[in-house]
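Single-structure report; data block below.
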Amino acid sequence: MEPAVIEYHKTNNKIYSQLEGHCHSVYEIYYFISGDADIMVEGKMYPLSPHTLFLIAPNVLHGIRVNSRADYVRNILFISPDSLLPERRHLLTGILPRNKKKPAMELLYEHTEDYRLDDFFYNLKQLDDQPPEVKEMLSPIFAEALLSQIYLLGRSIKPATFINQMPEKVMEIISYLNAHLTEPQTLDEIASHFFISKNYLNVNFKKYLSTTVMDYIRYKRIILAKQAIAAGESAMDAALQSGFTDYSSFYRAYVKYVGISPRANMSTEWPKP
């Protein structure tokens, strides 16, 4: 089984923004403890309050903005269903609700302090100091304990909702791009599909997602290719399956976004936020 990756983070007196966004090929369980920060998910902005739990699905573009010099403290668990025993994987795959059209990309719960999630994260983090065989044995058990607590939390607390300031047209464009990610797409064709100008498309996409349309498509395709490579596909097959038409353009994009060549990344790559 793949390991679950836990990270504790505290930043002192630093203001910064990562709203250009990034994706992971695994689930991210983000627990905000304190500070002054917002999180962006596919162009939607959520203000964070202490003891906020944020669940993010694989391949979803997201980023963080720290707004003041107050201490920014959070815990994150990166986890794949393969980290868990088969009979327990539903604890992870079922944490985000599904409907007939598509599963939810994100879910946020506020005021979760009564569930003492920080204790569960603390227990997971302590495994980093244990021998590898002990960590391998206990990681799935401790991760299941956290996921079980989140399951109970979700039965008692309603997810928080926010008024989305992003125009409906931009949301439609994001959904369309994700639905047709591996298909050939040009800026002209996308603009024509929505009966808008390329200028409107570029300006508004950049405004709400801090990236261009074509960079968004390339980045999402690279995430798909990383998953295929981790599953054992060759770099060439991964490139074709994820929507690239030639290996040279795939190679350049992969090095740009991942920082290493595809062949150097033939094993599962765990995220670095």
Close side-chain approach of Val213 to Ile217, heavy-atom, < 4.5 Å: yes
Aromatic ring proximity, centroids under 6.0 angstrom, Phe54 and Tyr46: yes
Parallel, tilted or perpendicular: rings of His180 and Tyr176 (30°, 60°): tilted
side-chain contact (heavy atoms from CB on, under 4.5 Å) assessment of Leu77 paired with Leu146: CA-CA 10 Å; Leu77 176 66; Leu146 171 61; 3.7 Å; yes
Lys135 NZ to Gln130 CD distance, which is reported to the nearest 0.5 Å: 10.0 Å
Polar contact flag, side-chain donor to acceptor under 3.5 angstrom, Asn199-Ser197: no
side-chain contact (heavy atoms from CB on, under 4.5 Å) assessment of Leu92 paired with Ile95: CA-CA 6 Å; Leu92 178 61; Ile95 61 175; 4.0 Å; yes
From OH (Tyr219) to NZ (Lys256), nearest 0.5 Å: 11.5 Å
Aromatic ring proximity His111/His51, centre distance under 6.0 Å: no
Separation of Phe32 CZ from Leu117 CG (nearest 0.5 Å): 14.5 Å
Minimal non-hydrogen separation, Leu124 against Ser139, with atom names: CD2-O, 4.0 Å
side-chain hydrogen bond (donor to acceptor under 3.5 Å, both in side chains) evaluation trace for Asp38 with Asn67: CA-CA 8 Å; Asp38 304 317; Asn67 301 308; 3.1 Å; yes
Contacts of Arg252 that satisfy salt bridge (charged side-chain N to carboxylate O under 4.0 Å, His left out) - sequence neighbours left out: none
Euclidean distance, Asp188 CG relative to His193 NE2, rounded to 0.5 Å: 14.5 Å
Nearest atoms (heavy-atom pairs only) where Phe250 meets Pro262: CE2-CG, 3.6 Å
Val60 side chain reached by Cys23 side chain, heavy atoms, under 4.5 Å: no
Over all atoms of both residues, closest heavy-atom pair of Ala228 and Gln241: CB-OE1, 4.0 Å
Cluster link Val203 to Leu201, ILVMFWY, side chain under 4.5 Å: no
Cationic N near anionic O, under 4.0 Å, Asp215 to Lys220: no
Heavy-atom check, side chain of Met171 versus side chain of Glu42, under 4.5 Å: no
Phe195 with Val170, same ILVMFWY side-chain cluster at under 4.5 Å: no
For Arg69, all residues meeting salt bridge (charged side-chain N to carboxylate O under 4.0 Å, His left out), sequence neighbours excluded: none
Check: Ile79 and Leu147 side chains under 4.5 Å, non-hydrogen atoms: yes
Ring centres under 6.0 angstrom apart (Tyr251, Tyr254): no
CA sep, side-chain torsions, deciding dist, call: Arg74, Tyr31, side-chain contact (heavy atoms from CB on, under 4.5 Å): CA-CA 6 Å; Arg74 54 92 170 124; Tyr31 182 57; over 6 Å; no
Within-4.5 Å side-chain heavy-atom neighbours: Ile76 and Phe121: no
Least distance between heavy atoms, Ala145 atom then Phe120 atom: O-CE2, 3.6 Å
Close side-chain approach of Tyr115 and Ile157, heavy atoms under 4.5 Å: yes
Any donor-acceptor pair under 3.5 Å from Ser249 side chain to Asp246 backbone: yes
Asn178 side chain to Tyr216 side chain, donor-acceptor N/O pair below 3.5 angstrom: yes
Contact summary for Ile229 and Ala238, nearest pair of heavy atoms: CG1-CB, 3.7 Å
Exam field: side chain Glu189 to backbone Thr186, donor-acceptor pair closer than 3.5 Å: yes
side-chain hydrogen bond (donor to acceptor under 3.5 Å, both in side chains) partners for Thr112, two or more places apart: none
Side-chain heavy atoms of Ile190 within contact of Phe205, under 4.5 Å: no
Main-chain N/O of His22 paired with His62 side-chain donor or acceptor, under 3.5 Å: yes
Any donor-acceptor N or O pair under 3.5 Å, side chains Ser49, Thr52: yes
Flag if over 12 foreign heavy atoms under 6.0 Å of OH, Tyr247: yes
Spacing of CG belonging to Leu138 relative to CD belonging to Gln126, to within rounding of 0.5 Å: 12.5 Å
Minimum side-chain heavy-atom gap Ile33-Asn75 below 4.5 Å: yes
Leu61 CG to Thr211 OG1 distance, which is reported to the nearest 0.5 Å: 7.5 Å
Identified side chain to side chain contact (heavy atoms under 4.5 Å, CB included) partner of Tyr30 from the options Leu53, Leu55, Ile64: Ile64
Pair Ile56-Leu107, side-chain contact (heavy atoms from CB on, under 4.5 Å): steps then yes or no: CA-CA 7 Å; Ile56 305 173; Leu107 201 62; over 6 Å; no
Donor-acceptor pair, side chain of Arg89 and main chain of Leu84, under 3.5 angstrom: yes
Under 3.5 Å donor-acceptor, Arg221 side chain and Leu181 backbone: yes
Closest approach of Ser80 to Val26 (non-hydrogen atoms, all atoms of both residues): CB-CG1, 3.9 Å
Over 12 non-hydrogen atoms of neighbours within 6.0 angstrom of OH in Tyr122: no
